[in-house]
Student: 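Have a look at the structure that comes next, please.
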Amino acid sequence: MAMFHLIDACAALRNVHINKHQRVRYELERNRAIFGNRTEEVWLSFQDLETRLRPKFVYGKRWRPDDFKAAFEKAARIEEICREVLR
């Protein structure tokens, strides 16, 4: 959810409120000015965190060390892009 709030903060600079984590892709594609040419990278990374990685840690025991590493890498990339936008 922390990545959602960063993405939503970037959207707010363009007067866009995403409202729900399920709408990240829709709103980012609709408002490409938020992240420009990095739009797809942001929503794909967020979607991977939200739909593939997070459930492994929250609901299951089948995560591997590679999943943990991937989650941190994707979160770090989203944070890096968001920090650039928020400057």
Side-chain angles (χ1 to χ4, degrees):
M1 289 307 292
M3 295 303 103
F4 169 75
H5 292 293
L6 272 175
I7 293 168
D8 197 33
C10 293
L13 290 176
R14 299 284 182 167
N15 205 27
V16 175
H17 181 61
I18 297 174
N19 197 30
K20 295 168 72 173
H21 68 278
Q22 294 98 330
R23 294 184 55 84
V24 167
R25 178 181 181 179
Y26 173 79
E27 292 295 347
L28 294 185
E29 285 185 334
R30 189 170 167 227
N31 298 282
R32 294 188 73 80
I34 297 168
F35 292 109
N37 63 352
R38 297 172 295 182
T39 298
E40 188 171 322
E41 180 181 1
V42 172
W43 74 253
L44 279 173
S45 294
F46 180 78
Q47 185 176 36
D48 197 33
L49 279 171
E50 186 63 23
T51 62
R52 185 180 70 85
L53 295 167
R54 186 183 65 83
K56 287 184 177 188
F57 297 106
V58 174
Y59 303 114
K61 298 178 182 175
R62 294 191 176 214
W63 63 271
R64 300 170 307 177
D66 287 347
D67 296 322
F68 198 68
K69 181 180 176 188
F72 273 98
E73 287 172 353
K74 290 183 184 299
R77 184 63 183 141
I78 292 170
E79 181 179 4
E80 178 184 341
I81 292 169
C82 287
R83 284 181 182 265
E84 290 174 16
V85 169
L86 294 169
R87 285 190 190 147

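This chain uses plain numbering: 1 for the first residue, then up along the sequence.
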Student: Report the residue from Glu50, Lys56, Arg54 that forms a side-chain contact (heavy atoms from CB on, under 4.5 Å) with Arg52.
Tutor: Lys56
Student: Take atom CZ in Arg83; do more than 12 heavy atoms of anything else shown fall under 6.0 Å from it?
Tutor: no
Student: Can you list the residues that meet the salt bridge (charged side-chain N to carboxylate O under 4.0 Å, His left out) rule with Lys20, with sequence neighbours excluded?
Tutor: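 In terms of salt bridge (charged side-chain N to carboxylate O under 4.0 Å, His left out), with neighbours along the sequence ignored, Lys20 is linked to no residue.
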Student: Just to verify, what does Arg14 make a salt bridge (charged side-chain N to carboxylate O under 4.0 Å, His left out) with, not counting sequence neighbours?
Tutor: none
Student: How many angstroms lie between atom NZ of Lys74 and atom CD of Gln47, to the nearest 0.5 angstrom?
Tutor: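 Nearest 0.5 Å value for the NZ-CD distance: 10.5 Å.
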Student: More than 12 heavy atoms of other residues, nucleotides or ligands under 6.0 Å from CZ of Phe57: is that the case?
Tutor: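 Enclosed.
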Student: Thr39 and Leu28: which non-hydrogen atoms are nearest, and at how many Å?
Tutor: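 Between these two residues, the closest heavy atoms are CG2-O, 3.5 Å.
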Student: To the nearest 0.5 angstrom, please state how far the CD1 atom of Ile7 sits from the CD1 atom of Ile34.
Tutor: 10.0 Å
Student: Below 30° counts as parallel, above 60° as perpendicular, anything between as tilted: where do the rings of Phe46 and Phe4 land?
Tutor: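 Geometry flag for Phe4 against Phe46: tilted rings.
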Student: Hey, could you give me the OG/CD1 distance between Ser45 and Ile81, rounded to the nearest 0.5 Å?
Tutor: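 It comes to 6.5 Å.
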Student: Taking all atoms of both residues into account, what is the closest heavy-atom pair of Ile78 and Val42, and its distance?
Tutor: CD1-O, 4.2 Å
Student: Salt-bridge test for Asp66 and Lys69: reply yes if a basic N is under 4.0 Å from a carboxylate O, no otherwise.
Tutor: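 Salt bridge between Asp66 and Lys69, a charged N being under 4.0 Å from a carboxylate O: no.
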Student: Measure across Ile18 and Asp8 and return the closest heavy-atom pair with its distance rounded to 0.1 Å.
Tutor: N-OD1, 3.0 Å
Student: Do Val24 and Tyr26 belong to the same hydrophobic cluster, where Ile, Leu, Val, Met, Phe, Trp and Tyr are linked whenever their side-chain heavy atoms lie under 4.5 Å apart, directly or via other members?
Tutor: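 Different clusters: Val24 never reaches Tyr26 through Ile, Leu, Val, Met, Phe, Trp or Tyr contacts under 4.5 Å.
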Student: Nearest 0.5 Å please: distance from the CZ atom of Phe35 over to the CD atom of Glu84.
Tutor: 10.5 Å
Student: Test salt bridge (Lys or Arg N to Asp or Glu O under 4.0 Å) on Arg38 and Glu41; report intermediate values, then the result.
Tutor: CA-CA 5 Å; Arg38 297 172 295 182; Glu41 180 181 1; over 6 Å; no
Student: Does a sphere of radius 6.0 Å around CD in Glu40 hold more than 12 heavy atoms from other residues, nucleotides or ligands, not counting ones at 6.0 Å or beyond?
Tutor: no
Student: Are any side-chain N or O atoms of Asn31 and backbone N or O atoms of Glu27, one a donor and one an acceptor, separated by less than 3.5 Å?
Tutor: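 Answer holds: yes.
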Student: With rounding to the nearest 0.5 angstrom, report the SG to NE2 distance, Cys82 to His5.
Tutor: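 Result: 12.5 Å between the selected atoms.
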Student: Compare every heavy atom of Leu49 with every heavy atom of Pro55, then report the nearest pair and how far apart it is.
Tutor: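 Scanning both residues, the minimum pair turns out to be CD-O, 4.2 Å.
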